[in-house]
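Every chain is numbered from 1, with letters handed out A, B, ... down the list of sequences. Only heavy atoms go into these numbers, but all of them, side chains included; no hydrogens, no water, no symmetry mates.
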There are 2 protein chains.
Amino acid sequence: MGRAGVSTLGFATLGLLAGESLSGYDVKLRMAEPVGFFWQAGHSQIYPELAKLEAGGMVVHNDVPQSGKPDKKIYEITAEGLSAVKEWVSEPAKSAPTRDEATLKAYLSWLGEPGEMAAMFRELGRRHEKQMERYLETEAWMRSEWGEPKRFERRRFANYAALKRGVGFEREYAQWCRWVSEKLESSG
Amino acid sequence: MGRAGVSTLGFATLGLLAGESLSGYDVKLRMAEPVGFFWQAGHSQIYPELAKLEAGGMVVHNDVPQSGKPDKKIYEITAEGLSAVKEWVSEPAKSAPTRDEATLKAYLSWLGEPGEMAAMFRELGRRHEKQMERYLETEAWMRSEWGEPKRFERRRFANYAALKRGVGFEREYAQWCRWVSEKLESSG
DNA sequence: TTTCTTTATGTATATCTTGACATATAAAAC
DNA sequence: GTTTTATATGTCAAGATATACATAAAGAAA
């Protein structure tokens, strides 16, 4: 956890709410799609997290009655929440590599049948390549929609920067997978 | 968890024990240094994990009495454990990107002061560059000690492949950090 | 018309992970 | 001589995460 007992997921949520007020369900949707590429959480984490943030005075909610369905809770960030996330965002980011099962499998690849290992890494490489292409499509969309990246305003640049990381990550990963599978093939 | 209720940490441990019999403490040391770059665990996870693996028949131990100190438990992989890890290693690796706090901070960078954000990413880039250099030193050592990578036997190649991933990862990460910090600087 | 998906919000359980607590000796550094 | 580090093995509690359980209605698809 970061400052004042707020976890990284808490700050991710605050960051989303800093841009717009959202229901728990909307937070969940954003956690799945753009944010989910670098920080995932299911709704079973998000709803309790929002309650915890509210208990800590970081957000407040107002109920929007719905016909039949349960009330929609629209969460809004407080001044306290906004200053907390603003402080957190420029603090040193901790830990980057952490856990990567594929690298572990590469390290232990001598235990497997070379042909099977090669196939596994080839398939993994394809998956990362596809993900890279999806990111590149989004990047193309941004350029066509927002113009020259040089002139992006801060919020769009932030979006673009995260995407750029995704592209670089997937490209490097796919290359490595291809290299591993080729070497395993030629040796087996 | 993977097959037969063995977690990824369990397979990492089995993988180490497939190469040599080790005490829990030795596993801990390897989990810190070479394996720790892509899969970390403290001793408080390792000792119970070894007990669990033993309960599942994947490993066995014999006590080596020490003068004064508690008995050293040397763990040995069983035939069952070996076949389990051999099966696991060529199964598709799941999930790669998962959680990266720095990318999250980039995505929310519009909330921070540009100068401070730039400094944070500059420093982060330096850290990744240093890590890359450490990996490159190890790579140089491997080449000088083991000769041409082309002719590495399987176990050494596996070691080299994991290291290669580390180098690529850190290089790409450092480049991205530098790019982010430069853009933030020129805009602020 | 029936089934599936989306909207909408939660709880419960199990496991994973981290950090602290706990003990004990030998060897090396200061 | 005293302190710190390395060896050596554990437990415990708190927090994070994943998966399943649970409900309910609107709308789209079959």
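With sequence neighbours left out, Glu101(B) forms a side-chain hydrogen bond (donor to acceptor under 3.5 Å, both in side chains) with Thr8(A), Lys94(A). Scanning for side-chain hydrogen bond (donor to acceptor under 3.5 Å, both in side chains) contacts around Glu123(B) gives Arg126(B), with sequence neighbours left out. Partners of Asn159(B) by side-chain hydrogen bond (donor to acceptor under 3.5 Å, both in side chains), not counting sequence neighbours: none found.
Between the CG atom of Leu9(A) and the P atom of dT17(D) there is a distance of 7 Å, rounded to whole Å. Per the geometry, CZ belonging to Arg30(A) stands 11 Å off P belonging to dT7(C), to the nearest Å. Rounded to a whole Å, the NZ atom of Lys94(B) is 17 Å from the P atom of dT17(D). Taking atom CG on Leu29(A) and atom C1' on dT5(C), their separation rounds to 13 Å, with Å as the unit. One atom, CD1 of Ile46(B), and another, P of dG10(D), lie 12 Å apart when rounded to the nearest Å. When rounded to the nearest whole Å, the span between NZ of Lys52(B) and P of dT11(D) equals 13 Å. Nucleotide dA8(D) holds its P atom 15 Å from the CG atom of Asn62(B), rounded to whole Å. One atom, CE of Met31(A), and another, C1' of dA16(D), lie 13 Å apart when rounded to the nearest Å.
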Please tabulate, one pair per line, all N/O donor-acceptor pairs under 3.5 Å involving side-chain atoms of residues 107-120 of chain A, not counting sequence neighbours.
{"unit_1": "Ser109(A)", "atom_1": "OG", "unit_2": "Ala106(A)", "atom_2": "O", "d": "2.8"}
{"unit_1": "Glu113(A)", "atom_1": "OE1", "unit_2": "Glu116(A)", "atom_2": "N", "d": "3.4"}
{"unit_1": "Glu116(A)", "atom_1": "OE1", "unit_2": "Ser90(B)", "atom_2": "OG", "d": "3.1"}

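Contact annotation: Arg99(B) reaches the phosphate of dT17(D) (side-chain N/O to OP1 or OP2, under 4.0 Å).
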Anything under 3.5 Å between a protein N or O and an N or O of nucleotides 9-13 of chain C, put it in a table, one pair a line.
{"unit_1": "dT9(C)", "atom_1": "OP1", "unit_2": "Lys73(A)", "atom_2": "N", "d": "2.9"}
{"unit_1": "dT9(C)", "atom_1": "OP2", "unit_2": "Tyr25(A)", "atom_2": "N", "d": "2.8"}
{"unit_1": "dT9(C)", "atom_1": "OP2", "unit_2": "Tyr47(A)", "atom_2": "OH", "d": "3.1"}
{"unit_1": "dT9(C)", "atom_1": "O4", "unit_2": "His43(A)", "atom_2": "NE2", "d": "3.4"}
{"unit_1": "dG10(C)", "atom_1": "OP1", "unit_2": "Lys73(A)", "atom_2": "NZ", "d": "2.7"}
{"unit_1": "dG10(C)", "atom_1": "N7", "unit_2": "His43(A)", "atom_2": "NE2", "d": "3.4"}
{"unit_1": "dG10(C)", "atom_1": "O6", "unit_2": "His43(A)", "atom_2": "NE2", "d": "2.7"}

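Note on Tyr173(B) and Trp179(B): same hydrophobic cluster, where clusters join Ile, Leu, Val, Met, Phe, Trp and Tyr whose side-chain heavy atoms are under 4.5 Å apart, directly or indirectly.
Rotation axes derived from the C1' atoms of the five outermost pairs at either end of the helix from dT1(C)-dA30(D) to dC30(C)-dG1(D) lie 40° apart, to the nearest 10°.
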Walk me through whether Arg127(A) and Glu170(A) qualify under salt bridge (charged side-chain N to carboxylate O under 4.0 Å, His left out). CA-CA 9 Å; Arg127(A) 260 166 40 205; Glu170(A) 299 294 344; over 6 Å; no
Walk me through it: do Arg30(A) and Glu20(A) pass the test salt bridge (charged side-chain N to carboxylate O under 4.0 Å, His left out)? CA-CA 12 Å; Arg30(A) 279 154 186 77; Glu20(A) 49 180 341; 3.2 Å; yes
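Between the side chains of Gln131(A) and Arg134(A), at least one donor-acceptor pair of N or O atoms lies under 3.5 Å.
Ring geometry for Phe157(B) against Tyr160(B) counts as tilted: the plane angle lies between 30° and 60°, on a 0 to 90° scale.
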